[in-house]
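When reading the values below, keep in mind they use all heavy atoms of this one structure, side chains included, and skip hydrogens, waters and symmetry mates. Note on naming: letters A, B, ... go to the chains in the order of the sequence lines (proteins, then strands), and numbering restarts at 1 for each one. Computed from a prediction, not measured in an experiment: that's the story for all the values here.
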There are 2 protein chains.
Amino acid sequence: MLILDNFDKSAVTVDNVIFGFDDEDLKVLLIKRGESPFEGSWALPGYFVKGDEDLDKAAKRVLAELTGLENVYLEQVETFGKTNRHPAGRVITVAYYSLIKISDFKITPNSIANRAVWKSTSFAQDLAFDHDEIFKACFNRLKRKVRSKPIGFELLPPKFTLTKLQQLYEAILEVQLDKRNFRKKILSMDLLHYLDEREEKVAHRPAKLYKFDENKYQEFLSKGMVFDISESKSKGAKKKLKF
Amino acid sequence: MLILDNFDKSAVTVDNVIFGFDDEDLKVLLIKRGESPFEGSWALPGYFVKGDEDLDKAAKRVLAELTGLENVYLEQVETFGKTNRHPAGRVITVAYYSLIKISDFKITPNSIANRAVWKSTSFAQDLAFDHDEIFKACFNRLKRKVRSKPIGFELLPPKFTLTKLQQLYEAILEVQLDKRNFRKKILSMDLLHYLDEREEKVAHRPAKLYKFDENKYQEFLSKGMVFDISESKSKGAKKKLKF
DNA sequence: TCAAAAGTGTTCTTATTACACCCATGG
DNA sequence: CCATGGGTGTAATAAGAACACTTTTGA
């Protein structure tokens, strides 16, 4: 039987890219480092994995400790294992991203989150360690995934307007979308339930409120249909996403 | 400054899902385990990562030792970190898949590959450890990736016929494709260079030989075009891929 | 009555699908 | 001359893209 002591071992961490969406702006949760190395830099929240702890459990635990939230969308993205990525020695890190409703997020007293701040994704740069690379990998994964699975709703409050939904997609995909085509496509999938409620106290025509209907989505899938907010395939070199 | 000794450490391996394509059949390289645990079972070839070795380098090294091949398409897929996945203790494994031309593959004398065998992907099951899960994750990744990037060509010899290319896609995607529509789509992308050569000594009309043209692909990309062998979006519940 | 965002259809263009016969070669 | 796989086009349908005005509300 194999003896593991014969082989090199490494410290292992999980790093979390926690996305939130706050009225028109996609945000990521960052912490300001209070200690060396990279003291004063912004960094992704992460922590060490325990020896008797499954990786996925570690990611959930760290996320819960940071945000106070459980039952949150969480997905492993990539593992970063350059020998020199951490100045203190070899640390392999497994990156996860998660999607949370900012309104549910509470800064828990004991947690690292005391120093945590929501930053717009467009300002998430010059992070500590190789966190720029990790952030980019997770953001790219989110961009891809949000087009083929209805995970975007994880970022919205239970009741939302179609405009908020469109703004969310525009923020994630970093493109402009056509309002009529977007609505036509989303509504044609028949995944939303109109709540027979509207916005209140807005200085314009109040928008209808919808919720995402998990049952309808299961039906949708069982018909062999595929959620798809598709990328433009136009020959015309545009980086624009069209509907 | 952080002291890593305060945290638990884990042994780390890379496991490789090495795909090859051998006339009509997608294959994966497996080894028969000669030692406990799982003695006699088929397993994915993998090995321990050294303490001073980047993860990606480790994957390349292990692949080269196994196949004698370098400069091969290699992609990290997922990290498996359940505490009980290895009977000898905690071993976190990072799964990679690679695509090689079977014809280039030589069993190198010193290597684990002495016990390596190409198995049809449809028979890759009941593997040791959690290798079924790892294989499935890598196969799924390949399925997705091959639709959006021209990596399929990595599996073919430098000169190939359109029928071989189609068979490759059918083997990976596990669907039947329409010959005329497939050819129309592939040729319309203008990524193949016709070599003005044909098959020889075949008992039927000899097929034209093509090669994949990397320069044409770069042009293609710079026009903003997207390689896409797309999935059917038909409402009709079909699992069939259509053209 | 003004400003602000909600809501709504049609036409044009492009991509996808389905489908069947003749061709070139070796045995 | 037969068996085998190579090679080819068109018509119907479906999806995507472009685009502008009217409605409802609060201030």
Visitor: Starting at atom CD of A/Q176, determine the distance to atom P of D/dA17, rounded to an integer number of angstrom.
Guide: 15 Å
Visitor: Any chance you could list the contact pattern along nucleotides 3-10 of chain D? Use B for base contacts, S for sugar-phosphate-only contacts and - for none, protein heavy atoms under 4.0 Å, 5' to 3'.
Guide: BBBBBBBB
Visitor: In terms of ring plane angle, is the pair B/Y194 and B/Y210 parallel, tilted or perpendicular, where the classes change at 30° and 60°?
Guide: tilted
Visitor: When the distance from CD1 of A/I229 to P of D/dA17 is rounded to whole Å, what number comes out?
Guide: 11 Å
Visitor: Please check if the side chain of A/D132 supplies one atom and the backbone of A/L127 the other of a donor-acceptor pair under 3.5 Å.
Guide: yes
Visitor: May I have all residue pairs that pass salt bridge (charged side-chain N to carboxylate O under 4.0 Å, His left out) and include part of residues 186-213 of chain A, sequence neighbours excluded?
Guide: A/K159-A/E197, A/D190-A/K216
Visitor: Compare all side-chain heavy atoms of B/K145 with those of B/Y73 and state whether any distance is below 4.5 angstrom.
Guide: yes
Visitor: Do the charged groups of A/K143 and A/E174 touch, with an N to O distance under 4.0 Å?
Guide: yes
Visitor: Please report the distance, rounded to the nearest Å, between CZ in B/F182 and C1' in C/dC19.
Guide: 18 Å
